[in-house]
Amino acid sequence: YRFVKWDDGNTDNPRRVLVTDVAKYKAIFEPTNMGINLYLKKTGSDTKYRWDENQEYGTVSGYGNYTYMEPVTISATAKEHYNFIGWDDDGNGTVDSTENPREIIVDETHNITAIYQAEEYTITVKSNNNNYGSAKAYCGAEEGTSITVEYRSNVKLVASAEPTYRLKRWNNNVGNTEQIVEVLGNATYIAEFERDTCTVEFYVGDQLYNTQEVVIESSINGSNASTGSVM
């Protein structure tokens, strides 16, 4: 509570009075304003945001200033790809209540954090031919040809070609053997391998006559449809 005034309208506090007769003075108090401060955070992260700083995970309502012992309803609404899992009342990162919406009696200033959890999705990697090469996905401690990770995680994809083969491209048109993809949902990435090439040089005596890039283990005669070369 806070002091407002004396019943005769005087607001001095402390107040000095001259005693000339019997007198009564009534001090008038009123409840102070107390706040409900709401924050948002994601599981696995130590960073929390004030309700108006980051709304990627969801939104909250009920924040503001209220009078002492006023009942207030707070609520949390998760956005797509996230789930609300509960309230952290004391800032230690654990869930103290899962009630939503939830009524709070404003007996003090409250600092409450809404905790959200990102949904998980499966990233699958394949080879167009296991005899040509293999592919693998990595994210933190997770690795394999099929891993389950949180929304918006960064996953590294690695393609490894067998001898005399090379990566032509991934099915998302990336030509590098390694790439980073952001997880926005379930997805499958296929490493498309092909035969590697080598350079064949033709000489007439000591003079270089022609060069030709040739797919390994293919012939270079006039009947070769892949090169059209004539030896």
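Any value given below was found using the heavy atoms of this structure, including those in side chains, with hydrogens, waters and symmetry copies removed.
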Pair Y1-E30, side-chain contact (heavy atoms from CB on, under 4.5 Å): steps then yes or no:
CA-CA 5 Å; Y1 290 86; E30 69 178 7; 5.7 Å; no

For residues T199 and T211, is any side-chain donor paired with an opposing acceptor at under 3.5 Å?
no

Between E120 and T148, is any side-chain donor less than 3.5 angstrom from a side-chain acceptor?
no

Beyond-backbone contact of [X] with [Y], side-chain heavy atoms, under 4.5 angstrom:
| X | Y | answer |
| --- | --- | --- |
| I115 | T43 | yes |
| T197 | R166 | yes |
| E150 | K42 | yes |
| R15 | V17 | yes |
| I74 | V60 | no |
| S97 | R102 | yes |
| L208 | E201 | yes |
| N33 | Y66 | no |

Centre of Y39's six-membered ring, under 6.0 Å away, within 45 degrees of the axis: is that where NZ or CZ of K48 sits?
yes

N/O donor-acceptor pair under 3.5 Å between [X] side chain and [Y] backbone:
| X | Y | result |
| --- | --- | --- |
| N128 | F193 | yes |
| E53 | R50 | yes |
| N176 | Q179 | no |
| D12 | P14 | no |
| N171 | I190 | yes |
| D89 | D96 | no |
| Q55 | W51 | yes |

Candidate pair Y209 and F202, rule ring pair (Phe, Tyr, Trp, His ring centres under 6.0 Å), full reasoning:
CA-CA 5 Å; Y209 176 73; F202 296 92; 7.8 Å; no

[atom1]-[atom2] distance between [X] and [Y], expressed to the nearest 0.5 angstrom:
| X | Y | atom1 | atom2 | answer |
| --- | --- | --- | --- | --- |
| T122 | N186 | OG1 | CG | 5.0 Å |
| T67 | E70 | OG1 | CD | 4.0 Å |
| Q212 | C198 | CD | SG | 10.0 Å |
| M69 | E108 | CE | CD | 11.0 Å |
| E213 | D196 | CD | CG | 9.0 Å |
| S153 | I147 | OG | CD1 | 8.5 Å |

Check this for me: [X], atom [atom1], are more than 12 non-hydrogen atoms of other residues, nucleotides or ligands nearer than 6.0 Å?
| X | atom1 | result |
| --- | --- | --- |
| K5 | NZ | no |
| D46 | CG | no |
| E103 | CD | yes |
| F29 | CZ | yes |

Does the ring centre of Y57 sit less than 6.0 Å away from the ring centre of Y82?
yes

Verify whether the ring centers belonging to Y189 and W170 lie closer than 6.0 Å.
no

For Y116 and F84, take the angle between the two ring planes, folded into 0 to 90°, and tell me which bin it lands in: parallel under 30, tilted 30 to 60, perpendicular over 60.
perpendicular

Specify whether H81 and Y121 have parallel, tilted or perpendicular ring planes, treating 30° as the upper limit for parallel and 60° as the lower limit for perpendicular.
perpendicular

Over all heavy atoms of both residues, which pair between [X] and [Y] is shortest? Give the atoms and the distance, please.
| X | Y | result |
| --- | --- | --- |
| L167 | A161 | N-CB, 4.4 Å |
| G86 | V95 | CA-CG1, 3.8 Å |
| N154 | C139 | O-SG, 3.5 Å |
| G133 | S127 | O-OG, 2.9 Å |
| V125 | G144 | CG2-O, 3.9 Å |
| L38 | G62 | CD1-C, 4.2 Å |

Would F3 and I28 count as a side-chain contact (heavy atoms from CB on, under 4.5 Å) if you check the C-alpha gap in whole Å, the side-chain angles of each, and the deciding distance to 0.1 Å?
CA-CA 6 Å; F3 170 74; I28 299 175; 5.8 Å; no

Does [X] belong to the same Ile/Leu/Val/Met/Phe/Trp/Tyr cluster as [Y], with side-chain heavy atoms less than 4.5 Å apart forming each link?
| X | Y | result |
| --- | --- | --- |
| M34 | Y63 | yes |
| V174 | I180 | no |
| L184 | V181 | yes |
| I36 | Y49 | yes |
| V4 | Y68 | no |

Would you sort out whether I112 and I104 count as a side-chain contact (heavy atoms from CB on, under 4.5 Å), showing the intermediate values?
CA-CA 10 Å; I112 302 175; I104 300 292; 4.1 Å; yes

Run the numbers on Y138 and V158 for side-chain contact (heavy atoms from CB on, under 4.5 Å), then give the verdict.
CA-CA 8 Å; Y138 301 84; V158 179; 3.8 Å; yes

Would E56 and K79 pass as an ion pair if we require N to O under 4.0 Å?
no

Between E192 and K168, is there a salt bridge with N-O shorter than 4.0 Å?
no

